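Only a predicted model underlies this, so the values are computations on that prediction, with no experimental measurement involved.
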Amino acid sequence: MVKDALIAATQQQSNFFCGLPLEAMTSVAIERPRDRQFGHYAVNVSPWSRDLKQAPPVIANTVADALKSHPDITLNTVQGFVNVRFSDGLLASALCHRLMEAAPGKNSTLQDNSILLEYVSANPTGPLHVGHGRWAALGDSLVRILRHCGATVTPEFYINDAGEQMRKIGVSVLFRTRETLIAAGKLPETPLAMEYPYPGEYVIEAANAFVGQLSSDDEAALLDVWHHLMAEDKPLHFDHLNLPAADWAWIESVLIPYVKAMMLASQQQLLKQLDVNFEAWFSEKELLHDRGLVSHMLAHLKGTQFAYEADGALWLKSSELGDDKDRVLVKSDGSFTYLAADIAYHHQKYTREDDNGQPQYNRIINIWGADHHGYIPRMRAAMIALGHLRDEKDSAFEIVLGQLVNLIVDGERERMGKRRKMLTLSDVVDTVGVDATRFWMISKSADTTLDFDVALAASATHENPVFYVQYAHARCASILRNAVSPTQTTETPTPAFITEEALAQLSSHPTPALLASLFSADETALPAIVELILELDRFEAVVTSAAQQRSAHLIARYAQELAANFHSVYNVCRMLTDDPETTQARLALVMAVQKTLAQALQLLGVSAPESM
RNA sequence: GUCUCAGUAGCUCAGUUGGAUAGAGCAGCCGCCUUCUAAGCGGCAGGUCGCAGGUUCGAAUCCUGCCUGAGACGCCA
């Protein structure tokens with residue numbers, strides 16, 4: 001807002017400013033000076049020197065002359081910089097602006113965006129692991145940030161409930177039912193070698209739960225399966241199970257759906273606990289395969305020049321659309337590849353329509369782990385072939401690629417595999433809590449590999465930066481509580497510093513005049529106060545930038561910096577003083593800080609406690 | 001072999017898209033609680049921004065090559 005005033009000042013001149021288009025002024029050149037002594041903002045004119053064919057100091061003087069008449073700006077030039085200092089009145093009105101905003105930083109920069117954001121999309125074959133937690137935290141925060149910038153966003157979870165991995169988890173649970181059945185005396189305890197496709201301990205729990213709720217018919221069916229299995233003379237292995245078709249049909253129709261529902265429910269419960277909110281849950285099996293959408297998409301694709309048959313298989317001519325090579329869609333045995341199903345899913349995303357029959361989304365965004373990066377060109381190629389994208393660079397399809405998470409246990413890196421005893425996201429949340437987990441996951445840029453050290457995370461509970469930010473918020477809340485309640489320390493209670501009515505009035509109808517005494521603070525407090533106001537003022541730009549760059553960590557960093565600025569002011573400047581005007585002005589500042597911190601934390605999905 | 005990402009303080013990481021003397025948090029050292037939350041503040045110390053070239057007024061940032069680490073390159077899912 002303060003920056004806007006500077007831009008507005010330039011706009012009074014003309015569409016061109018000192019011979020340069022205004023975009024140059026607004027987008028590039030205005031920044032915070034590194035050394036605060038220079039001023040509140042600095043315009044760096046050096047980049048223009050080539051176009052204007054003038055030395056930077058000359059340009060700086062021209063710019064300074066043009067701005068000189070503005071009542072709220074004082075300037076000095078140093079080499080290629082025009083340093084700008086704003087009047088107290090302008091800073092105070094920036095603060096008023098924040099107090100009156102319903103939601104700090106809310107803007108409409110992305111109001112034309114209608115986005116389908118897909119993320120997490122774990123297989124329903126087990127608990128979410130720590131890596132999923134990163135996408136969950138990032139995705140949900142991006143949804144909040146994008147919406148804060150006016151975008152319409154549908155967060156969606158793709159349930160990968162078709163294909164081989166479902167049969168694998170089904171068979172894993174099946175194998176584990178043996179122990180349960182033996183314990184119940186329903187199967188004889190004979191030696192039997194088995195290899196579990198999914199060895200995790202949660203599979204045992206799933207088997208127990210499954211057996212526990214079986215109807216007598218289904219229990220008979222299960223025992224029937226076991227009699228067939230025990231008739232085999234080889235160790236039981238997923239790849240060569242010799243079961244009658246009826247057994248498989250029972251596994252597919254009873255066992256697998258139960259396991260899927262159970263796994264999905266536990267994932268959903270954890271996501272809910274993390275305050276990660278999906279609007280749509282898209283089942284690959286029910287919404288794609290059962291409706292024949294894969295065949296439907298393939299028929300569509302065959303009508304283009306980008307599909308052909310060779311070696312008994314159907315291929316996508318992706319090599320002509322930016323991919324390394326062509327890709328198989330239908331195998332020579334007639335079954336679909338995983339890619340074909342995924343293309344059908346994305347095709348379906350683009351063909352969804354709103355109530356007026358118009359395409360529902362103009363932007364499809366996926367958050368993918370870096371292990372899927374090779375997948376991007378082929379998916380883009382398919383979307384071009386199907387006519388959803390113009391070319392390989394079309395921004396209507398966007399992948400936010402995030403690097404993986406390494407789990408560090410006892411100082412050693414563990415592969416995030418299917419170990420029998422694996423540390424899950426749920427375990428982590430239980431030890432460090434929701435707020436610390438989300439903040440930790442999000443405070444680093446998504447394109448660096450995240451080492452998640454469990455011991456550190458647990459011990460870091462008290463030194464996690466999230467508490468630093470929350471503490472600042474709680475401090476604000478505490479000051480505001482004290483401000484309106486009479487003190488009891490002496491025998492005769494002193495009255496409150498300000499009435500609740502006056503405080504409410506201050507937050508709803510602040511005026512720069514009411515805040516004037518902020519600027520009469522002493523010389524140690526004043527710079528810190530001004531710095532804090534400028535930091536508050538920066539919030540909207542941070543939100544916009546985070547949305548455009550899909551970088552939620554910018555919000556986390558901002559929250560820490562704002563908290564730091566507030567803590568600094570707090571230590572050199574009493575908020576509750578004997579002078580009513582000073583107290584009132586400082587309380588306005590506290591309210592603005594609290595409000596802004598609460599908003600930043602909300603965008604991160606982290607709670608903003610009133611006390612700690 | 002090809003592709004993606006990373007390499008910045010002892011550790012974990014920022015660095016606003018090429019600009020002023022490279023910044024935080026932990027860890028270390030020295031100070032600050034009779035008054036609003038010390039889960040805090042102030043200060044000190046800590047750097048050849050992986051290496052070598054190049055581009056220009058100017059590079060942690062852009063280009064090329066190399067080194068190191070993580071990951072991806074199936075008619076698997």
Short N/O separations, protein against nucleotides 73-77 of chain B, under 3.5 angstrom:
unit_1 : atom_1 : unit_2 : atom_2 : d
B:C75  : O2     : A:S332 : N      : 3.0
B:C75  : O2     : A:S332 : OG     : 3.0
B:C75  : N3     : A:S332 : OG     : 3.4
B:C75  : N4     : A:D311 : O      : 3.2
B:A77  : OP1    : A:K331 : NZ     : 2.7
B:A77  : O3'    : A:E164 : N      : 3.0
B:A77  : O3'    : A:Q165 : OE1    : 2.7
B:A77  : O2'    : A:Q165 : OE1    : 2.2

Heteroatom pairs (N/O) under 3.5 angstrom, protein to nucleotides 25-32 of chain B:
unit_1 : atom_1 : unit_2 : atom_2 : d
B:C26  : O2'    : A:E463 : OE2    : 3.2

> What one-letter contact string describes nucleotides 5-10 of chain B from 5' to 3', where B marks a base within less than 4.0 Å of any protein heavy atom, S marks contact via sugar-phosphate atoms alone, and - marks no contact?
Replying inline: SS----
> By ring-ring contact (aromatic ring centres under 6.0 Å, His included), which residues pair with A:F157, not counting sequence neighbours?
Replying inline: A:F278, A:W281
>> How many whole angstroms separate atom CG of A:N44 from atom C1' of B:U61?
In response: 15 Å
> Under a cut-off of 3.5 Å for both distances of each Watson-Crick or G-U pair, what dot-bracket string does RNA chain B give, using [ ] for crossing pairs and | for inter-strand pairs?
Replying inline: (((((((..((((.....[...)))).(((((.......))))).....(((((..]....))))))))))))....
> Can you check the A:E561 CD to B:G15 P distance for me, whole Å?
Replying inline: 10 Å
>> Taking the side chain as everything from C-beta on, heavy atoms only, tell me whether A:C573 gets closer than 4.5 Å to A:I529.
In response: yes
> Checking all strands, does A:E610 fall into the base, sugar-phosphate, or nothing category for heavy-atom contacts under 4.0 angstrom?
Replying inline: base
> Could you state the CH2-P distance from A:W440 to B:U12, rounded to the nearest angstrom?
Replying inline: 10 Å
>> Listing request: all salt bridge (charged side-chain N to carboxylate O under 4.0 Å, His left out) pairs with a residue in residues 564-578 of chain A, at least two apart in sequence or in separate chains.
In response: none
>> Between A:T582 and A:T577, do the side chains contain a donor N or O and an acceptor N or O under 3.5 Å apart?
In response: no
> Distance-only, no hydrogens or angles: does the A:H148 side chain make a donor-acceptor pair with backbone N or O of A:P104 under 3.5 Å?
Replying inline: yes
> Rounded to whole angstroms, how far apart are CH2 on A:W368 and C1' on B:G71?
Replying inline: 15 Å
> Heavy atoms under 4.0 Å, any strand shown: does A:C476 hit a base, just sugar-phosphate, or nothing?
Replying inline: nothing
>> Salt bridge check, A:E252 against A:K285: does any charged N sit closer than 4.0 Å to a carboxylate O?
In response: no
>> Over all strands shown, is A:P33 touching base, sugar-phosphate only, or nothing at heavy-atom distances under 4.0 angstrom?
In response: base
> Which whole number of Å gives the distance between the C1' atom of B:G28 and that of B:G46?
Replying inline: 10 Å
> Pick one for B:C13: is it syn, with its angle within 90° of 0, or anti?
Replying inline: anti
> Counting any heavy atom closer than 4.0 Å, what does A:H567 reach on the DNA or RNA strands: base, sugar-phosphate only, or nothing?
Replying inline: sugar-phosphate
>> Show every salt bridge (charged side-chain N to carboxylate O under 4.0 Å, His left out) that has at least one partner inside residues 435-449 of chain A, sequence neighbours left out.
In response: A:D140-A:R438
> Any side-chain heavy atom of A:T77 sitting closer than 4.5 Å to one from A:N83?
Replying inline: no
> Taking only side-chain nitrogens and oxygens of A:S568, does any of them come within less than 4.0 Å of OP1 or OP2 of B:G42?
Replying inline: yes
>> When the P atoms of B:C26 and B:C41 are compared, how many Å lie between them, rounded to an integer?
In response: 8 Å
>> A:D326: which residues meet the side-chain hydrogen bond (donor to acceptor under 3.5 Å, both in side chains) condition with it, sequence neighbours left out?
In response: A:Y308, A:S319
> For the rings on A:F38 and A:F81, is their centre-to-centre separation under 6.0 Å?
Replying inline: no
> What interatomic distance, in whole Å, is found between P of B:G71 and the corresponding atom of B:G31?
Replying inline: 47 Å
>> Between A:F81 and A:L450, which residue's closest nucleotide on RNA chain B lies nearer the 5′ terminus?
In response: A:L450
> Taking only residues two or more places apart in sequence, or in another chain, which ones meet A:F397 in a ring-ring contact (aromatic ring centres under 6.0 Å, His included)?
Replying inline: A:H346
> Between B:G40 atom C1' and A:H473 atom NE2, what is the distance in whole Å?
Replying inline: 17 Å
>> Taking B:G47 as the reference, what is the distance to B:G42 when you measure between their P atoms (whole Å, please)?
In response: 22 Å
>> Quiz question: by atom type and distance under 3.5 Å, do the side chains of A:S545 and A:Q549 form a donor-acceptor pair?
In response: yes
> Is the shortest side-chain N/O distance from A:R475 to OP1 or OP2 of B:A38 below 4.0 Å?
Replying inline: yes
>> Suppose we screen for salt bridge (charged side-chain N to carboxylate O under 4.0 Å, His left out). Which residues come up paired with A:R378, at least two apart in sequence or across chains?
In response: none
> Can you tell me how far P in B:C3 sits from the matching atom in B:C44, rounded to whole Å?
Replying inline: 47 Å
> ring-ring contact (aromatic ring centres under 6.0 Å, His included) with A:Y375: which residues, sequence neighbours excluded?
Replying inline: A:W368
> Rounded to whole angstrom units, what separation is found between the CG atom of A:L532 and the P atom of B:C41?
Replying inline: 13 Å
> Is there a donor on the side chain of A:N464 or the base of B:A39 sitting less than 3.5 Å from an acceptor on the other?
Replying inline: no
> Of all residues at least two apart in sequence or in a different chain, which pass the side chain to side chain contact (heavy atoms under 4.5 Å, CB included) check with A:A477?
Replying inline: A:R481, A:Q594, A:E610
> Just checking A:N83: base, sugar-phosphate only, or nothing, at a heavy-atom cut-off of under 4.0 Å?
Replying inline: base
> Whole-Å distance between B:A72 P and A:L404 CG?
Replying inline: 8 Å
>> Can you check the distance between B:A22 and B:G65, where both ends of the measurement are the P atom (answer in whole Å)?
In response: 30 Å
>> Can you tell me if A:E500 has over 12 outside heavy atoms packed within less than 6.0 Å of its CD?
In response: no
>> Output the rounded distance in Å from CG (A:L554) to P (B:U16).
In response: 9 Å
> Of the nucleotides B:G40, B:A14, B:A20, which has the atom closest to the A:K444 side chain?
Replying inline: B:A14
> For atom P, what is the distance between B:U8 and B:A70, given to the nearest Å?
Replying inline: 15 Å
>> Between B:C57 and B:C11, how far apart are the two C1' atoms, rounded to whole Å?
In response: 38 Å
> In terms of base orientation, is B:U17 syn or anti, with the syn window spanning 90° either side of 0?
Replying inline: syn
> Among side-chain atoms of A:S395 and A:E398, is any donor-acceptor pair under 3.5 angstrom?
Replying inline: no
>> With nearest nucleotide decided by heavy atoms, which residue, A:P609 or A:R557, maps closer to the 5′ end of RNA chain B?
In response: A:R557
> Looking at A:H553, does any N or O in its side chain come under 4.0 Å of the phosphate oxygens OP1/OP2 on B:U16?
Replying inline: no
